[in-house]
Amino acid sequence: MGIIKSMEEFNSNIKRVIISQEEIAEAVKKAGKYIDDLYDGNPILLVSILKGAYVFMADVSRAVTVPSEIGFMCAKSYYSGTVSTGAVKITMDLDQDVSKYHVVIIEDIIDTGRTLNDVVNLLKTRNPISLQVVTLLDKPSRRKVDFKADLSLFTIPDYFVIGYGLDCGEYYRNLPYIAEYNEVKAD
Ligand code: IMP
Ligand code: MG
């Protein structure tokens with residue numbers, strides 16, 4: 001997919017809404033309550049991996065009431081076939097010293113599980129006080145590495161989804177809902 005040439009083309013790729021704005025708002029509240037209950041007033045560091053989780057992070061960070069800092073990372077995982085080479089390349093790292101924090105990773109979607117598996121293993125080597133993973137979406141049928149979030153808000157089938165931070169060719173991140181992407185087959 002290259003540059004979108006018209007509004008018609010842009011709209012034609014949005015197949016159908018699968019999770020509405022209202023359902024997302026409920027899930028954000030649930031995530032906020034889960035985090036508040038777990039940390040019970042202790043300060044936390046919310047971490048998300050750019051770019052996909054930026055919208056969810058913005059909402060969850062405003063739904064928690066415990067004292068919190070935010071941090072962002074950019075990461076790329078390298079695999080040889082289905083086996084992790086163990087090399088996760090951090091193209092942008094956190095400023096914070098993780099060993100001083102209860103860390104909560106805020107993720108948009110877990111697909112094969114590779115990126116998050118590598119990031120979690122890396123953060124563990126830095127000895128956080130505790131580490132939790134909260135994901136908005138989960139596609140368990142696509143897993144290549146065994147990885148489970150502590151809180152997963154929506155389990156979805158193997159659809160390619162867009163909106164609420166998730167892109168296709170960098171477009172659609174700003175849709176306020178999650179939609180199924182319409183894969184137009186070339187003929
Ligand atoms: P992983 O395969 O679990 O490592 O997922 C890596 C990244 O792929 C996610 O953080 C998303 O940015 C992206 N991704 C996976 N599935 C989808 C999708 O359905 N739509 C948009 N991005 C996706
Ligand atoms: Mg992502």
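Remember, predicted model here, so these are calculated numbers, not experimental data. Just follow the structure's listing: the first ligand is 1, and inside any ligand the first atom is 1.
The contact set between ligand 1 and T112, taken as ligand atoms under 4.0 Å from a residue heavy atom, comprises 1 (P), 2 (O), 3 (O), 4 (O). Atoms of ligand 1 lying under 4.0 Å from any heavy atom of K139, numbered from 1 in the order shown and given with element: 16 (N), 17 (C), 18 (C), 19 (O). For ligand 1, the atoms sitting less than 4.0 Å from at least one non-hydrogen atom of D167 are 21 (C), numbered in the order shown with element in parentheses.
Here D108 has side-chain heavy atoms under 4.0 Å from ligand 1, and that is the only part of it that gets that close. Within the 4.0 Å heavy-atom criterion, the part of E107 lying near ligand 1 is the side chain and not the backbone.
For ligand 1, the polar-atom distance check finds an N/O of V161 within less than 3.5 Å of one of the ligand's N/O atoms. Between G113 and ligand 1, at least one pair of N/O atoms sits closer than 3.5 Å. Considering both main-chain and side-chain atoms, T115 comes within under 3.5 Å of ligand 1 through a nitrogen or oxygen pair.
Ligand 1 does not have I162 within reach: every non-hydrogen atom of the residue lies 4.0 Å or more from it. Under a 4.0 angstrom heavy-atom cut-off, Y159 registers as being in contact with ligand 1. The shortest separation from a heavy atom of R142 to ligand 1 is not under 4.0 Å, leaving the residue out of contact. At a 4.0 Å cut-off, not a single heavy atom of K51 sits close enough to ligand 1 to count as contact.
For Y177, there are no ring pair (Phe, Tyr, Trp, His ring centres under 6.0 Å) partners, not counting sequence neighbours.
Checking side-chain atoms of Y171 against main-chain N and O of I4 turns up a donor-acceptor pair under 3.5 Å. Under a 3.5 Å cut-off, the side chain of D167 and the backbone N or O of R173 do not form any donor-acceptor pair. With Q132 contributing its side chain and I106 its backbone, the two residues share no donor-acceptor pair below 3.5 Å. Formation of a donor-acceptor pair under 3.5 Å by the D36 side chain with backbone atoms of V64 is not found in this model.
The environment of CG in D146 is sparse: at most 12 heavy-atom neighbours from other residues, nucleotides or ligands sit within 6.0 Å.
Note: D40 CG to N42 CG = 7.0 Å, rounded to the nearest 0.5 Å.
Here D138 pairs with R143 in a salt bridge; the nearest charged N to carboxylate O distance falls below 4.0 Å.
Taking the six-membered ring for Trp and the full ring otherwise, F10 and Y172 have centroids separated by under 6.0 Å.
Distances from atom 23 (C) of ligand 1 to the heavy atoms of T135, L50, I109 put I109 nearest.
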